[in-house]
Number of protein chains: 2
Amino acid sequence: MARPSLVSDEELVEGLAGVFKAEGFEGASLAALSEASGLQRASLYHRFPGGKEQMAEEVLRSTEAFMQKHIISMLEGDAPVQQRVQDLVKGLRAFYDGGRRNCLLNKLAASGGKQHRLNKQIAAMMQRLTVALGKLAVDAGLKKDAAHARAERTVMLLEGSLVMCRGLGTTTPFESMLRQLPAELLGK
Amino acid sequence: MARPSLVSDEELVEGLAGVFKAEGFEGASLAALSEASGLQRASLYHRFPGGKEQMAEEVLRSTEAFMQKHIISMLEGDAPVQQRVQDLVKGLRAFYDGGRRNCLLNKLAASGGKQHRLNKQIAAMMQRLTVALGKLAVDAGLKKDAAHARAERTVMLLEGSLVMCRGLGTTTPFESMLRQLPAELLGK
DNA sequence: GTCTATAGGAAGATAGAC
DNA sequence: GTCTATCTTCCTATAGAC
């Protein structure tokens with residue numbers, strides 16, 4: 001059952017992810033996806049018969065798995081609260097390359113009624129992250145409602161800081177957000 | 001010098017703005033822009049010889065003027081601080097249609113080196129808003145540095161809440177953000 | 001100033017050889 | 001499984017009549 005591919009599934013999806021994050025769904029041309037992945041258009045269609053939409057789905061799925069493995073499970077783990085917050089900050093800084101990378105969820109979220117599948121995945125990921133952050137806040141001693149509010153605001157700050165980085169052309173908002181994150185999430 | 005146009009400049013730019021906010025720059029097709037503005041493609045090119053990029057520029061310019069007139073000048077005015085914050089909340093709710101509309105700055109901000117002009121405009125608008133918010137925080141008694149930090153975080157929350165609304169398919173994050181805004185901006 | 005018609009190219013997607 | 005070559009559709013942009 002082995003599939004001796006010239007480009008591993010990991011490399012492939014990672015390349016595609018970079019394009020989707022940088023260009024968004026509409027902006028990600030097959031030419032760019034082909035170049036970034038190292039495969040010709042036709043080869044991409046062989047692996048993703050559903051075309052660009054399936055590519056985006058797989059990229060989301062892969063990102064979700066990464067988030068689950070490196071962020072969510074850590075947040076819901078039983079390490080000391082302070083340790084988990086520090087790991088979160090480190091993890092986010094690495095994942096978003098210090099504010100230089102866009103958030104995939106922002107760039108793939110569509111306004112219109114199209115891309116039902118993608119929107120469902122995106123909503124699920126946002127909710128999962130919020131819940132996990134809330135869990136940490138609860139472990140830090142906050143009441144359920146307050147913890148949820150903190151978690152929601154933390155996601156807002158994360159997404160918003162990345163929007164500001166793109167808009168202003170600097171990474172300072174992201175770093176500023178990371179500095180404030182522990183106090184924001186756990187109370188001040 | 002009068003130009004008896006069938007579609008006023010205001011209506012025109014407003015129609016275009018709606019498409020750019022909903023679809024982003026790449027996603028905004030000339031067909032959609034034509035339909036939303038009530039003008040045929042060729043007529044759009046008559047008014048905007050620079051094509052789609054010029055349309056986006058004019059939309060940004062118009063939005064900037066609106067922001068200046070309805071938000072910035074109000075924030076920098078001399079009404080009581082509490083009054084200004086309330087006006088801000090009302091203004092934002094109207095402008096973003098309660099969280100149903102995207103932020104133009106987010107949807108038009110490009111990652112790559114393209115669209116120099118647009119990126120400059122976007123950066124200027126974000127900075128101007130941040131500065132005006134900071135002014136209000138200073139008037140509320142905060143020190144300059146603290147006020148700037150509050151202002152920056154307020155913009156993050158605004159942008160981030162809209163991203164969450166799009167991702168989750170609800171407007172609750174936006175409303176939640178508006179409720180917390182006065183305390184967030186002026187201190188708690 | 002607006003339109004119909006169309007040029008010219010890039011987009012997403014497929015066919016078939018290797 | 002990957003490629004080159006191609007199809008079709010949609011896109012941006014222009015030409016020229018009214």
Side-chain angles (χ1 to χ4, degrees), chain A residues 1-20 22-60 107-108 110-118, chain B residues 1-20 22-60 107-108 110-118:
Chain A
M1 279 308 189
R3 297 183 299 169
S5 313
L6 295 190
V7 177
S8 78
D9 281 19
E10 259 188 26
E11 290 172 308
L12 176 52
V13 173
E14 199 163 341
L16 300 179
V19 178
F20 280 121
E23 317 283 353
F25 186 81
E26 329 279 353
S29 69
L30 266 287
L33 293 166
S34 164
E35 187 177 12
S37 64
L39 285 182
Q40 295 296 338
R41 267 173 278 238
S43 306
L44 285 176
Y45 277 94
H46 177 77
R47 298 222 196 171
F48 306 99
K52 204 163 86 163
E53 187 158 343
Q54 190 185 350
M55 297 180 209
E57 278 178 39
E58 297 293 340
V59 165
L60 270 178
K107 297 299 279 187
L108 287 185
S111 312
K114 334 170 200 170
Q115 298 165 294
H116 279 294
R117 280 266 191 52
L118 295 184
Chain B
M1 280 308 190
R3 297 183 302 169
S5 313
L6 296 188
V7 176
S8 79
D9 281 20
E10 259 189 26
E11 291 172 308
L12 176 52
V13 173
E14 198 163 342
L16 300 180
V19 178
F20 281 121
E23 318 283 353
F25 186 82
E26 329 279 352
S29 70
L30 267 287
L33 293 166
S34 165
E35 187 177 13
S37 64
L39 285 182
Q40 295 296 336
R41 268 171 278 233
S43 307
L44 284 177
Y45 277 95
H46 176 77
R47 297 223 196 172
F48 306 99
K52 205 163 85 163
E53 187 158 343
Q54 190 185 349
M55 297 181 209
E57 278 178 40
E58 296 294 340
V59 164
L60 269 178
K107 296 300 277 189
L108 286 186
S111 314
K114 333 169 201 171
Q115 296 167 295
H116 279 295
R117 280 266 193 52
L118 295 184

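Hydrogens, waters and symmetry mates are skipped; everything else that's a heavy atom, side chains included, is used. Model, not experiment: these values are computed from the prediction.
Distance from the side chain of B:Ser5 is smallest to C:dT2 among C:dG12, D:dT12, C:dT2. Out of D:dT14, D:dT2, C:dT2, the shortest distance to the side chain of B:Tyr45 is found at D:dT14.
Following rounding to the nearest Å, B:Glu35 (CD) and D:dC11 (P) show an atom-to-atom distance of 12 Å. The NE2 atom of A:His46 sits 17 Å away from the P atom of C:dA17 (whole-angstrom rounding). What separates CG of B:Leu6 from P of C:dT2 is a distance of 5 Å, to the nearest Å. Summarising the geometry, the separation between CD on A:Gln40 and P on C:dA11 is reported as 14 Å, rounded to the nearest angstrom. One interatomic measurement links the two molecules: CZ of A:Arg47 to C1' of C:dG12, which rounds to 19 Å at whole-angstrom precision. Atom CG in B:Leu44 sits about 9 Å away from atom P in C:dT2, given to the nearest Å. Separating the CG atom of A:Leu30 from the P atom of D:dC10 is a distance of 16 Å, rounded to the nearest angstrom. Look at CG on A:Leu12: it is 12 Å from P on D:dG1, rounded to the nearest Å.
Distance check, rounded to the nearest 0.5 Å: NE2 of A:His46 to OG of A:Ser5 gives 8.0 Å. Residue A:Gln54 holds its CD atom at 12.5 Å from CG of A:Leu60, rounded to the nearest 0.5 Å. Within the model, atoms CG of A:Leu33 and CZ of A:Arg41 stand 10.0 Å from one another, a figure rounded to the nearest 0.5 Å. A:Lys107 contributes atom NZ, which lies 13.5 Å from atom CZ of A:Phe25 (distance to the nearest 0.5 angstrom).
Within 6.0 Å of CD on A:Glu57 lie more than 12 heavy atoms contributed by other residues, nucleotides or ligands. No more than 12 heavy atoms of other residues, nucleotides or ligands shown are found within 6.0 angstrom of CD on B:Glu14.
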- Summarise how protein sits on nucleotides 5-10 of chain C as a single string, 5' to 3': B when a protein heavy atom is under 4.0 Å from the base, S for sugar-phosphate-only contact, - for no contact. ------
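Residue A:Ser43 has no polar side-chain atom (N or O) positioned under 4.0 Å from OP1 or OP2 of D:dG1.
As judged by a 4.0 angstrom heavy-atom cut-off over every strand, B:Ala28 is placed among residues touching the sugar-phosphate backbone only.
Using modelled atom types and a 3.5 Å distance limit, the side chains of A:Glu11 and A:Ser8 yield a donor-acceptor pair.
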